[in-house]
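One structure is given below, encoded as C-alpha cells.
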Number of protein chains: 2
Amino acid sequence: MPAEGREPPGGYDPSAFEPFAVTVDLAVFTVRENRLHVLLVERGQEPYAGAWALPGGFVLPRESAGQAARRELAEETGLSEETATALHLEQLGTYSDPDRDPRMRVVSVAYAALVPDLPEPRGGGDAARARWTEFRSVPALAFDHADILADADERVGAKLEYTTLATEFCPPEFTLGELAQVYETVWGTALDRPNFRRKVLSTPGFVQPAEGPPRRTGGRGKPAALYRAGDATRLHPPLLRPEGRTR
Amino acid sequence: MPAEGREPPGGYDPSAFEPFAVTVDLAVFTVRENRLHVLLVERGQEPYAGAWALPGGFVLPRESAGQAARRELAEETGLSEETATALHLEQLGTYSDPDRDPRMRVVSVAYAALVPDLPEPRGGGDAARARWTEFRSVPALAFDHADILADADERVGAKLEYTTLATEFCPPEFTLGELAQVYETVWGTALDRPNFRRKVLSTPGFVQPAEGPPRRTGGRGKPAALYRAGDATRLHPPLLRPEGRTR
DNA sequence: GCAAAAGTGTTCGTAGTACACCCATGA
DNA sequence: TCATGGGTGTACTACGAACACTTTTGC
C-alpha cells in the first residue's frame with residue numbers, strides 16, 4: 001500500500017521510512033548456434049569488481065520499472081529504442097533480501113527478455129564489458145543474480161509452453177525447423193518434428209506463411225517453407241515439453 | 001542491478017538517485033458461502049480517505065518484501081504468525097508507475113494469498129476498518145489497486161489449474177464436494193463432479209483420506225468421505241478450467 | 001417416497017505419440 | 001547415390017467430456 005496507508009499496530013512514522021534504491025536486472029536470452037545464451041556484463045566497481053553479473057541499472061525518478069528495463073535492454077544490446085520497444089519483456093519478480101547488496105538497501109525488479117541472435121554487444125562507452133555467454137557455462141555471478149537467472153530460465157521454459165513467445169527468438173521469417181530448434185534449445189529436449197509441425201500449423205495464429213512463396217535452405221536438405229509470427233499470443237492447448245522435464 | 005552497477009552511457013551519479021518508498025499490497029482471497037471474497041480496508045487518510053483499498057504497508061528496513069507481506073497478512077487477518085507463515089503467499093508483481101501515488105515515489109510489491117474462511121477481521125487498533133467483500137461487488141479502489149486485484153484474480157485462477165493450491169481454501173479436513181466448490185467459485189464455472197472426483201483421486205499426493213473413516217454431512221444427501229491435503233504441490237497433468245474460460 | 005448429494009460405470013471423441021515413408025536438395 | 005532435413009500418412013493410446021445409474025442420507 002502506498003505511503004500513509006494504515007500503519008501497523010505497533011505504530012510507524014511514515015516520514016521515517018528508510019529510503020530504498022530500486023533497480024532493474026535483466027536476463028536477456030538468445031539462441032546462437034543452437035545453444036541458449038544469456039547476456040552478461042563484467043562489473044567495474046566494488047563489490048564484486050571483475051565478476052560477471054546481469055545487466056541492469058537504476059530506475060530513474062520519472063520512469064516505471066518496465067520503462068527502465070526497456071531502456072537498459074536497448075543500451076546493452078545496441079538495439080534501437082523502437083526495436084527494443086517491440087520485444088517481449090517479462091517481469092519475473094522482485095528480489096528484496098535486505099542483505100542482497102552489502103552496501104545499502106537495494107530492491108531489484110527482474111525481467112526476462114528473448115531476443116533473436118544479435119551481434120556481439122558493443123562495449124558501450126563505459127568500462128564494463130558485455131558478452132553473450134552460453135547458459136550452461138555461466139560462471140558464478142555477483143549478488144543474487146544466479147537465483148534470478150535460474151528463475152528466468154524456468155520462467156522462459158514454461159512460457160514457451162503456452163504462449164507463442166518462441167517466435168521472438170527467430171528472425172522475421174523463419175522455417176518450422178528453426179522454430180522447433182528454439183524449443184529444443186531452451187528445453188534441452190528433442191522433439192518429434194512431424195508432430196511439432198502439425199501442432200504449430202493447427203494452432204490458429206501461431207504462424208502464417210510468408211506471402212511470396214520463397215524457400216530457403218539451411219545448407220543441405222529440402223528447402224523449407226518460410227513463415228512469420230502470427231497474431232496469436234496464447235496457445236490453446238499448450239505445447240507441453242515431454243514428460244514435464246525441466247532440463 | 002544493485003547500486004553502482006555500470007552506469008548508463010549518459011552518465012548517472014549513483015549517489016544522486018531519488019529515494020523510493022517500497023511497500024507491499026495484499027490481495028487476500030477466501031471462499032465464504034460459496035462466493036469469492038477479498039479482504040479490503042478503509043483508508044483513514046488522504047489521499048483517497050474513506051475509499052477502500054487493499055491491505056498492505058511499508059517494507060521495514062530489515063525485512064524482505066515477502067516477510068513484510070506475511071507480517072501484514074497476520075496483522076490484518078488476526079491469524080497467528082505461525083499460521084500465517086504456513087500459508088501460501090504468491091508474489092504477483094511489482095507496480096511502479098511514477099504517478100501511482102500522488103505524493104511521492106512509491107513502488108509496491110503485490111502478493112496474493114488464499115486463506116480458509118476466517119471470522120470477520122478484528123478492527124485492529126487503528127482507525128482503518130477491514131472487511132471481507134464479495135469479489136463481484138468490489139467498489140472502486142484507491143491507487144492502482146483495481147489493477148492489482150484483477151491481476152491477482154487471474155493469477156489465482158491460473159494457479160488452481162496446475163497446483164494443489166485449492167486445498168488452502170479448505171479447512172484441514174474437507175470433502176471432495178467442498179474442494180470442487182472452491183474451483184467452481186474461483187473460476188465461476190460449473191464442473192462435472194464425477195470427473196472432478198476421478199481427476200483428484202488419480203493425482204498422486206493431491207489429497208489423502210482422513211485416517212479415521214469418519215464421514216460428514218453437508219445437510220442433506222449422502223455423507224461424504226473426508227480428505228486432507230496431500231504432499232504434492234504441482235498437478236501433472238493440470239486441471240484445466242473448461243474452455244480456457246477466465247470468468 | 002422424494003430430493004439431494006456422493007460415488008461408480010461406460011461411451012465417445014479428440015489430441016498427443018510413435019514411427020514408417022516420401023520429397024527435394026547439396027555434395 | 002547418399003546423406004540430410006522437410007514434409008505426409010497413419011495407427012495406437014490416453015485422457016477428458018458427457019451422461020446414465022446406484023447409494024445413502026434428511027425430510
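If you're wondering where the values come from, they're calculated on a predicted model, not measured in any experiment. Every chain is numbered from 1 and lettered A, B, ... according to where its sequence line falls, protein lines coming before strand lines.
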Does the cation-pi check pass for B:Arg131 over B:Trp52, that is, NZ or CZ under 6.0 Å from the six-membered ring centre and within 45° of its axis?
-> yes

Starting at atom CZ of A:Arg193, determine the distance to atom P of C:dA18, rounded to an integer number of angstrom.
-> 15 Å

Check: B:Phe206 and B:Thr167 side chains under 4.5 Å, non-hydrogen atoms = yes

Taking CG from B:Leu240 and C1' from C:dA15, how many angstroms apart are they, rounded to a whole number?
-> 13 Å

Atom CG of A:Asn195 and atom P of D:dA14: how far apart are they, to the nearest Å?
-> 16 Å

Between B:Thr185 and B:Asn34: side-chain donor-acceptor atoms closer than 3.5 Å | no

Is the base of D:dG9 touched by the side chain of A:Arg198 through a donor-acceptor pair closer than 3.5 angstrom?
-> yes

Interatomic distance, A:Lys199 NZ vs D:dT8 C1' [rounded to whole Å] | 19 Å

Write down the distance between CG (A:Leu176) and C1' (D:dG5), rounded to a whole number of angstrom.
-> 12 Å

Given atom CZ of B:Arg197 and atom C1' of D:dG16, what is their separation to the nearest angstrom?
-> 17 Å

Side-chain donor-acceptor pair under 3.5 Å between B:Ser64 and A:Asp97, yes or no?
-> no

How close or far is atom P of C:dA15 from atom CG of A:Leu235, stated in whole angstroms?
-> 14 Å

Can you figure out which of C:dG16, D:dG6, D:dT8 approaches the side chain of A:Thr175 most closely?
-> D:dG6

Atom-pair distance (NZ on B:Lys222; P on D:dC21), nearest Å = 18 Å

Between D:dA18, C:dA18, C:dA6, which nucleotide has the shortest distance from any of its atoms to the side chain of B:Asp192?
-> D:dA18

